[in-house]
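These notes are about the structure you will find just below.
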2 protein chains.
Amino acid sequence: MPHDPGGERTPVTQRAVERIKAMIAGGEVGPGERLPTERDLAVQLGVSRSSMREAIRALTTLGVLEARHGAGVYVTALRPADLLETFSVLAEVSQGQTLLEVLQVRRMLEPAATALAAARADARDLERIGALLERMDGSDAMDCAGAPGGAAPEGGTRPRRESPDGGVLDTAGADLGFHQAIVASTGNATLAAIGEGLSSRTFNARVWAGHREAGLSAALHEDHERIHEALVARDPDAARAAATVHVLRVERWLRADLAQGDGAGTRTRAPGR
Amino acid sequence: MPHDPGGERTPVTQRAVERIKAMIAGGEVGPGERLPTERDLAVQLGVSRSSMREAIRALTTLGVLEARHGAGVYVTALRPADLLETFSVLAEVSQGQTLLEVLQVRRMLEPAATALAAARADARDLERIGALLERMDGSDAMDCAGAPGGAAPEGGTRPRRESPDGGVLDTAGADLGFHQAIVASTGNATLAAIGEGLSSRTFNARVWAGHREAGLSAALHEDHERIHEALVARDPDAARAAATVHVLRVERWLRADLAQGDGAGTRTRAPGR
DNA sequence: GAGCGCCGAATGGTCGGACCACTCTGTCGT
DNA sequence: ACGACAGAGTGGTCCGACCATTCGGCGCTC
């Protein structure tokens with residue numbers, strides 16, 4: 001804590017946030033541990049429960065705290081994935097120019113990440129990646145056949161909400177999973193979390209829809225297969241090149257889509273300014 | 001009250017968050033615009049004002065909304081910098097292994113960013129970068145000059161300038177500014193915001209302090225100068241190489257520092273597990 | 001008529017209390 | 001010994017009141 005402003009009037013809620021952060025930073029409560037009840041904390045810090053709740057809400061959305069109804073408030077594991085969950089908002093809200101910037105960043109990150117994955121991925125990782133690749137192929141081919149009802153919504157590791165949409169989203173989801181599995185196999189959780197934040201389901205769906213229209217899905221498939229081959233061959237350079245080509249292709253498509261659909265069908269809000 | 005017996009029991013507050021997000025995504029309210037008052041929104045969405053306030057608080061900490069006391073609640077410009085402000089929490093809270101991961105990500109990003117900057121920076125950018133470089137030299141040069149050996153100036157801290165935090169923080173701040181100016185001159189605001197989030201003043205200060213002890217500040221200076229030269233020469237390849245070397249050097253130092261200070265002076269919280 | 005200062009409405013910030021929904025635990029009944 | 005149940009504890013929601021700040025307009029002064 002730098003300094004306690006002598007005469008500054010900081011909102012009560014924010015002070016509560018700082019205090020709680022200090023409790024964590026100071027080791028008073030560690031990752032996974034439970035803090036006092038809202039009521040106790042409110043008394044302890046001398047604020048009302050409402051304000052304390054807002055403070056907790058703030059830290060909850062930051063991924064630092066986790067509130068379990070009926071149980072208590074807990075400090076998260078403070079893993080990068082916890083703290084970077086908010087990141088996805090960027091990819092969700094972004095439009096036009098910013099979306100392009102996001103892709104530029106991915107163009108910097110993904111090649112390096114993929115190369116690293118080629119060097120580090122173990123057999124289990126490769127198997128998972130291969131499975132996702134096949135699933136992508138499959139769900140894309142039969143996408144006109146309508147969405148199969150019950151099916152198996154569970155994939156074992158899917159804490160995320162499943163969107164009950166048809167093939168496009170399935171393909172997009174598999175695509176997302178494919179890339180996430182790759183960055184995850186770098187062994188760098190921070191990198192994985194950032195990579196996840198830079199992708200978004202909705203954007204991916206848009207890409208796949210666009211590509212289908214343009215009849216370019218095949219190119220994406222080939223990209224994916226080349227990436228997969230490079231990973232299996234444990235060839236970082238090839239992996240880097242394949243990833244670069246892939247991101248570049250998406251970027252190129254987005255650029256064209258933005259230029260063309262400017263104010264057209266795609267809900268691209270024109271900032272005007 | 002009319003419940004939704006459909007089955008899904010989503011917390012009221014979260015529903016409010018979604019609704020507001022939808023209002024923004026749907027263009028009902030644009031960046032910079034003001035939305036209805038808390039009271040009106042609460043009535044409009046059928047929730048209490050408390051819950052609405054928590055929803056607003058959540059979106060505020062995400063950088064999507066901005067509340068001005070007495071005035072109203074406004075949508076931010078939705079610039080990447082707004083949405084990625086939360087990002088810094090990672091760099092703040094991270095320790096040990098995660099810090100290393102963060103540096104690995106920077107090792108992927110900064111070289112590419114610096115190369116891009118070499119191609120895109122205009123005269124004004126270069127001037128700013130150069131100024132920061134000089135400022136860094138100036139505030140740091142006097143430390144190394146005096147005691148190259150183990151003779152630490154611990155004993156009598158001479159009253160140094162007016163700097164409240166002394167030269168270390170100044171140097172660290174200038175270092176931070178130096179790199180941020182570089183990524184900013186790529187013209188990619190998203191990249192700049194991410195780069196900013198991956199750095200942290202406290203970490204930088206630690207690096208500089210550590211480097212001074214190890215007597216390696218000179219190496220960092222040389223790195224910076226090489227980067228600067230490459231930028232001025234508009235040589236992307238040289239810039240990429242220089243940035244790589246630089247980040248790698250910091251990473252190497254951190255790795256050594258972590259290995260050595262494991263359980264020692266550095267407050268590295270042991271998760272136990 | 002122009003400029004300035006003050007007041008009050010509008011709005012976010014804080015508070016305290018009440019009740020609901022959920023979780024956990026210890027006890028009771030079988 | 002095991003399972004169902006009831007109670008206490010905790011987060012989630014709602015309500016109504018009041019405080020602090022902002023901003024616009026009214027009236028005063030010059």
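A, B, ... follow the sequence lines: proteins, then strands. Residue 1 opens every chain.
When atom types are taken as modelled, the side chain of Thr76(A) and the backbone of Gly63(A) share a donor-acceptor pair closer than 3.5 angstrom. Between the side chain of Glu38(A) and the backbone N or O of Arg53(A) there is no donor-acceptor pair closer than 3.5 Å. Between the side chain of Thr186(B) and the main chain of Ala113(B), no donor-acceptor pair closer than 3.5 Å is present.
For Ser185(B) against Ala117(B), the heavy-atom pair with the smallest separation is OG-CB, 3.7 Å.
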Can you list the steps and then say if Ile194(B) with Leu198(A) is a side-chain contact (heavy atoms from CB on, under 4.5 Å)?
CA-CA 10 Å; Ile194(B) 293 178; Leu198(A) 290 177; 4.0 Å; yes

Gln14(B) vs Glu18(B), side-chain contact (heavy atoms from CB on, under 4.5 Å): CA-CA, chis, key distance, verdict:
CA-CA 6 Å; Gln14(B) 185 166 338; Glu18(B) 304 296 343; 4.1 Å; yes

Do Glu196(A) and Leu84(A) pass the side-chain contact (heavy atoms from CB on, under 4.5 Å) test, and can you show the C-alpha distance, the side-chain angles, and the key distance before you say yes or no?
CA-CA 9 Å; Glu196(A) 194 159 341; Leu84(A) 293 182; over 6 Å; no

Evaluate the side-chain contact (heavy atoms from CB on, under 4.5 Å) criterion for residues Val64(A) and Leu78(A): first the C-alpha distance (whole Å), next the side-chain angles of each, then the deciding distance (0.1 Å), finally the verdict.
CA-CA 6 Å; Val64(A) 175; Leu78(A) 294 180; 4.2 Å; yes

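Rounded to whole Å, atom P of dT11(C) lies 7 Å from atom CG of Asp40(B). Going from atom CZ of Arg39(B) over to atom C1' of dT14(C) covers 12 Å, rounded to whole Å. Residue Glu38(B) contributes atom CD, which lies 15 Å from atom C1' of dC14(D) at whole-angstrom precision. Atom CG in Leu41(A) sits about 11 Å away from atom P in dT10(D), given to the nearest Å.
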Short heteroatom pairs, N/O only, protein and nucleotides 3-5 of chain D, under 3.5 Å:
none

Between N or O atoms, less than 3.5 Å apart, protein on one side and nucleotides 6-8 of chain C on the other: list the pairs.
none

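Applying the salt bridge (charged side-chain N to carboxylate O under 4.0 Å, His left out) rule to Glu66(A) yields the partners Arg68(A); only residues at least two apart in sequence or on another chain are considered. Scanning for salt bridge (charged side-chain N to carboxylate O under 4.0 Å, His left out) contacts around Arg106(B) gives Glu110(B), with sequence neighbours left out.
Of the residues Glu101(B), Gln97(B), Gln104(B), the one that meets the side-chain hydrogen bond (donor to acceptor under 3.5 Å, both in side chains) test with Thr190(A) is Glu101(B).
Of all the residues in residues 45-57 of chain B, Val47(B), Ser48(B), Arg49(B), Ser50(B), Ser51(B) reach under 4.0 Å from DNA chain D with at least one non-hydrogen atom. Near DNA chain D, defined here as any heavy-atom distance below 4.0 Å, the residues from residues 62-77 of chain A are Ala67(A), Arg68(A), His69(A), Gly70(A), Ala71(A), Gly72(A), Val73(A), listed numerically.
Heavy atoms from other residues, nucleotides or ligands lying under 6.0 Å from CZ of Arg19(B) number 12 at most.
Using a 4.5 Å heavy-atom threshold, the side chains of Ile20(A) and Leu65(A) count as touching.
With dC18(D), dT13(D), dT10(D) as the candidates, the nucleotide lying closest to the side chain of Arg34(A) is dT10(D).
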